[in-house]
Protein chains: 2
Amino acid sequence: MLGSRQRRMEAHQVIFYENDAVSDVFLIQRGWTCAYKILSDGARQIIYFPLPGDIVGFSNLVVGKATTSLECLSETIISPISASAIYGVLTSDSKVAQGILWAMEQDRAMMTEHLVSVGRRSALVRTAHLIVEFALRLRLIGAQTDNSFNFPVSQGVLADALGLTAIHVNRILRQLREADLMTLQSGRIAIHDIDQLMALAAFDPTYLSPPRGMTDD
Amino acid sequence: MLGSRQRRMEAHQVIFYENDAVSDVFLIQRGWTCAYKILSDGARQIIYFPLPGDIVGFSNLVVGKATTSLECLSETIISPISASAIYGVLTSDSKVAQGILWAMEQDRAMMTEHLVSVGRRSALVRTAHLIVEFALRLRLIGAQTDNSFNFPVSQGVLADALGLTAIHVNRILRQLREADLMTLQSGRIAIHDIDQLMALAAFDPTYLSPPRGMTDD
DNA sequence: CGACCCATTGAAATAAATCAACCTTTGTGG
DNA sequence: CCACAAAGGTTGATTTATTTCAATGGGTCG
C-alpha cells in the first residue's frame, strides 16, 4: 500500500537537499516541513510548507534529483514512495491517479498563492494570508479543533517564506496582535478573529478544497 | 494525436479566465502567453509565461475550472487537449505519461524560480533572471538563432511578472542597457552579453533542460 | 486630428531593510 | 544547580529600494 513504510525525523533534520539524487516522493504523515531554495548569497526562499497529507517531491520523480531542499520544522513522520510505485499507480488505478494529480494541483495552487502574495500583497496582508492558509489546512486535515494550533515556525523561517526580514515579520506580528486578530506565542498561534483576518487577507479558500466528487461528500 | 486540433488567437485575447469552467489543457504551439491572477484591488500577478511547447492548465484537469487566467501577448496558436485524452494517455502510454509529468515539472520549476526571484532577488537581478530564462527557453525550442528575439511584453506586463511597478521596470531596463548587457526596443530584446547577464542573475540553467533519457541525445 | 497606450524622467513619499542594542528562553556542560 | 552559550524575540534609529505622484513625448489606430 502507498505510504505504509514510515520514517521518523527530528526537527531541523533535512529529508533531502536540493540536488540530492532522490527519485522517491514523500507523503508527510505527521509534523511540519518546509521546502526551500538557497541562493548563492546564502539567502533562503521557502517555496511552501508541506503538511500532513501532502505529497512532496514530484520533481524528484521526473528529474531524478531534488529541486528544492525539504526540512523538518518539528518531529515528523514521512512515508517514502518510490518512483516505480507512482508510475505503476498512474498506469493502473485511475482513482488513485486522480488523487495524485489532485495532490500535484494542491501543491501548485499553494505555490501560486504564495507567489501572488510575495509579488503583490503588502507585508501585513501577505502574512495574514499565510496564517489563514495554515489555519484552514489544519482544519481540513482535522488537526485544529479550537481556534489555536501549534506552530513550530520561527519568525526567521516565516520571514524566508514571506520574502521579508525576521525583524519586519516581528513588527507585522505585533500589528496583528495589537489589532486583536491573532497571537503567536511560544510556538503556538491563537486566532482571535478568523473572519476579520480572512477579510484583511482577502482570502479565497476555494483553492484548498478538493473538487466535488473527490471526497465522500 | 495529441495537439492536432488548432486554434488561432490574437494578442490580448484571453484563452480562459480564472474560474471559467474548462477541463481542457492547452498546448501552446506558437506565440507568447501569460498566466496570471487578479487581486481584489485590481492588482495583477503574473505567475509565468507559457511559450511554445509548454502545456498549460493541468489545474483545469483536476479542478474542472481554470485557477489562473491565460492571455495571449502576441498572435498565438494553441491546441486544446481534453481531460479524457490526458487521462487516457496517463493510463496507457507510459512514455507519453512521462512526457506529461515532465511538462508539469517544467511548469513547477519555473514557478519556483519565479517565486525565489520575487521573494529574494533585487529588482535588477530578478529582471535579469527572467530575461535570461526567456533567452534560454527560446534557444531550447529553436526560436532564437542570434542573440536577439521578439518580445511582445510591455513594461507594464513585465512589472506584473516581477512584482514591480512599470516605472521601476523602466529604470531597471535602463540600467541593463547602460551596463551594455541588453536592450529592449520596439518589441525586441537584444542581448549584448549573455555571460555577464547570467552572472548578474546567478542563473543556473539546469531547471530548464529535460532530464537524461528524455530526449534523443 | 484626437485618443489611447506605452515609454521616459524627476521629485517626493513610504515600505521594508539594515544596523545596533538588549532581552528572554532553551539547552548544555561543568 | 548554576553558568554560560546559542537561538529566538523585541524595539529604536537610520538608510535604502521601490512606489507614488506628476509631467512629457512618441507611436499607433480609428
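Each chain gets a letter, A, B and so on, in the order the sequences are listed, and its residues count up from 1.
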- Of B:R120 and B:G156, the one whose closest nucleotide on DNA chain C sits nearer the 5' end is B:G156

- Message: Which is more 5' along DNA chain C, the nucleotide nearest A:S186 or the one nearest A:I167? Just name the residue.
- Response: A:I167

[X] [atom1] - [N] [atom2] separation (whole Å):
X: B:H12; N: D:dC29; atom1: NE2; atom2: P; result: 11 Å
X: B:L173; N: C:dC6; atom1: CG; atom2: C1'; result: 13 Å
X: B:L158; N: C:dT8; atom1: CG; atom2: P; result: 12 Å
X: B:N170; N: D:dG25; atom1: CG; atom2: P; result: 16 Å
X: A:L164; N: C:dT18; atom1: CG; atom2: P; result: 11 Å
X: B:L124; N: D:dA17; atom1: CG; atom2: P; result: 11 Å
X: B:L73; N: C:dC5; atom1: CG; atom2: P; result: 16 Å
X: A:I189; N: D:dG9; atom1: CD1; atom2: P; result: 12 Å

Looking at [options], which one has an atom nearest to any side-chain atom of [X]?
X: A:R177; options: D:dC21, D:dT10, C:dT8; value: D:dT10
X: B:A123; options: D:dT18, D:dC21, C:dC6; value: D:dT18
X: B:R174; options: C:dG10, C:dT18, D:dT18; value: C:dG10
X: A:H168; options: D:dT10, C:dA16, C:dG10; value: C:dA16

- Tell whether A:R171 reaches the base of C:dT18 with its side chain through a donor-acceptor pair below 3.5 angstrom. yes

- Query: What does B:G187 touch in the nucleic acid at a heavy-atom separation under 4.0 angstrom: a base, only the sugar-phosphate, or nothing?
  - Reply: nothing

- Task: Looking at every strand, decide which applies to A:A166 at a 4.0 Å heavy-atom threshold: base, sugar-phosphate, or nothing.
- Result: nothing

- What are the two closest heavy atoms between A:V14 and A:M9, and how far apart are they? O-CE, 4.0 Å

- Message: Does a side-chain N or O of A:T165 approach OP1 or OP2 of C:dA17 to a distance below 4.0 Å, or not?
- Response: yes

- Query: Under 4.0 Å between a side-chain N or O of A:Q155 and OP1 or OP2 of D:dT10?
  - Reply: yes

- Say whether, by atom type as modelled, one donor and one acceptor occur between the side chain of A:R126 and the main chain of A:R121 under 3.5 angstrom. yes

- Item | Side chain B:S79, main chain B:L27, donor-acceptor under 3.5 Å | no

- Any salt bridge between B:E18 and B:K65, counting N to O under 4.0 Å? no

- Please work out whether the ring planes of A:H129 and A:Y207 are parallel, tilted or perpendicular, with thresholds of 30° and 60°. parallel

